[in-house]
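Working notes, structure below.
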Amino acid sequence: MKRCFYCTRKPIVYLRYADLQLCEIHFINYLENRVRKTIEKYNMIKSGDKILIAVSGGKDSTTLLHILYKLAKEYNFILHGLTIDLGIERYRSYIQVAINNYKKLGVNYTIFDLKKEYGFSLDDAVKVFTNRKPCSICGIIKRYIINEYAYDNNFDRIATGHTLDDITGLLLFHILRGNISYLPKLSPVLETKHKMVTRIKPLIETYEKDIELYARLKSFSIDTNKCPYYHNAIISFYKRIMDKIERKSPSTKILFLRSTLKRINPYVKGILEIQNIKMCKKCGMPTTKEICSFCRIRQVTLNGQQVK
Ligand code: SF4
Ligand code: ZN
Ligand code: ZN
C-alpha cells in the first residue's frame with residue numbers, strides 16, 4: 001500500500017516535481033514550509049515590518065493572506081489587507097469574499113473604491129481604450145493604487161500573490177518578445193526606489209496546483225467567479241504553454257525561474273537603474289514619461305474620447 005513519505009498515513013497527493021507523496025497533514029506542512037523557505041531565502045521580511053497584502057479574493061492571494069497571517073507572529077510583522085473595487089459591473093463577488101477572509105482572521109483591511117477616489121472605473125477605461133487589452137489597463141491601475149496606498153500609509157513592503165506559474169508565464173512572454181529589461185521586475189523582491197515601495201512575492205516558488213489543493217483542504221472562502229475580461233488575458237495562453245512543458249518535463253518551471261534569476265537578471269538589473277526616472281507632472285509618482293500611465297488612463301477616460 002502506498003504511504004506518505006513522512007508517515008504511515010495514506011497519501012492524498014503526489015508531487016511530481018519533488019517526487020514526493022504526502023498525506024494531508026504533511027502536504028499542508030510542506031506547502032507552508034515552502035513559503036517560509038522562500039521568504040527566508042530571498043530575505044523578504046524583516047522584524048517589525050508593516051506589510052500590505054493585495055487580496056483579490058482568488059485562491060492565490062487568499063492563500064497568501066492565510067499563510068502570512070500564520071507567520072506574522074513568528075516573523076514579527078504587521079499585516080494589513082488591501083482590496084481594490086475596480087468597478088467591474090459584472091464582477092463584484094471577489095470584494096465580499098476578501099472581506100469575509102479578513103474578518104475571519106481579524107486582519108485589518110481597506111477596500112479602495114476606484115470610482116469614488118479617482119472618478120472612473122475599469123469598465124469606463126475599457127470602453128475608452130478600445131485598442132488595449134483590459135488586463136493591461138487593469139494591471140497599471142492596480143499597481144498604481146497598491147503602491148500609492150502603501151507609500152502614503154508608510155508600509156515597508158507590499159506582498160502579492162504571484163505564483164510560480166504566473167511568473168514563469170510572464171518570463172516566457174517577455175523573453176519571446178525580447179523584453180529583457182522587464183525581467184528584473186519579475187524578481188522575488190523588487191527593492192524600494194524613488195516612491196516605489198518594496199514588493200515581495202512569497203508564492204514565487206509555489207505551484208498553483210498546490211495552492212489550489214491547500215485552499216481546498218483548508219476550506220478557505222474563495223471567489224470562483226471569473227472576471228469577464230479574463231478571456232482576453234494574453235498571459236493565460238503563456239501559462240498554458242508552460243503547463244504543457246511542465247507535464248512533459250517536471251520541475252521545468254522552477255528551473256526556469258531560478259536560472260533566469262541567476263544567469264540573466266544580474267546582467268539586466270542595471271537597466272532598471274539607468275532608466276531615466278522622472279516625477280509625474282500630475283501626481284508626483286515616479287515614471288519614465290512626463291505623465292505616468294495611470295494619470296494618462298485617468299485623464300483620457302474622464303475626457304471620454306475613444307482611443308482606437
Ligand atoms: Fe483585471 Fe484582467 Fe484580472 Fe480582470 S482578469 S481583474 S481585467 S487583470
Ligand atoms: Zn504524512
Ligand atoms: Zn501620475
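By convention here, the first residue in the shown sequence is residue 1. Note that ligands are numbered from 1 as they come in the structure, with each ligand's atoms numbered from 1 the same way. In this text the structure is predicted, and so the values were computed from the model without any measurement.
Seen from the Zn ion (ligand 3), atom SG of Cys280 and atom SG of Cys295 lie 110° apart in angle, a value rounded to 10°. The Zn ion (ligand 3) lies at the vertex of an angle of 120° between the SG atom of Cys283 and the SG atom of Cys292 (rounded to 10°).
Classification of the His80-Phe155 ring pair by plane angle, with boundaries at 30° and 60°, yields tilted. Using the six-membered ring where Trp is involved, Tyr144 and Tyr118 have ring planes that are perpendicular, over 60° apart on the 30 and 60° scheme.
Shown here for Ile204 and Ser187, the closest heavy-atom pair between the two residues is CD1-C, 4.1 Å.
The residue among Ser236, Gly57, Cys227 with a heavy atom at the shortest distance from atom 4 (Fe) of ligand 1 is Cys227.
One finds a salt bridge joining Lys59 and Glu208 here, because a Lys/Arg side-chain nitrogen approaches an Asp/Glu carboxylate oxygen to under 4.0 Å. Taking the charged nitrogens against the carboxylate oxygens, Lys115 and Asp85 have no contact shorter than 4.0 Å, which rules out a salt bridge.
Under the 6.0 Å cut-off for aromatic ring centres, Tyr30 and Tyr6 do not qualify, their centroids lying 6.0 Å or more apart.
At least one heavy atom of Lys142 sits under 4.0 Å from some atom of ligand 1.
Distance check for Cys138 against atom 2 (Fe) of ligand 1: none of its N/O/S atoms falls below 2.8 Å.
Heavy-atom proximity to Tyr229, at under 4.0 Å, picks out these atoms of ligand 1: 7 (S).
Closest to atom 2 (Fe) of ligand 1 among all protein heavy atoms lies Cys135 SG, 2.3 Å.
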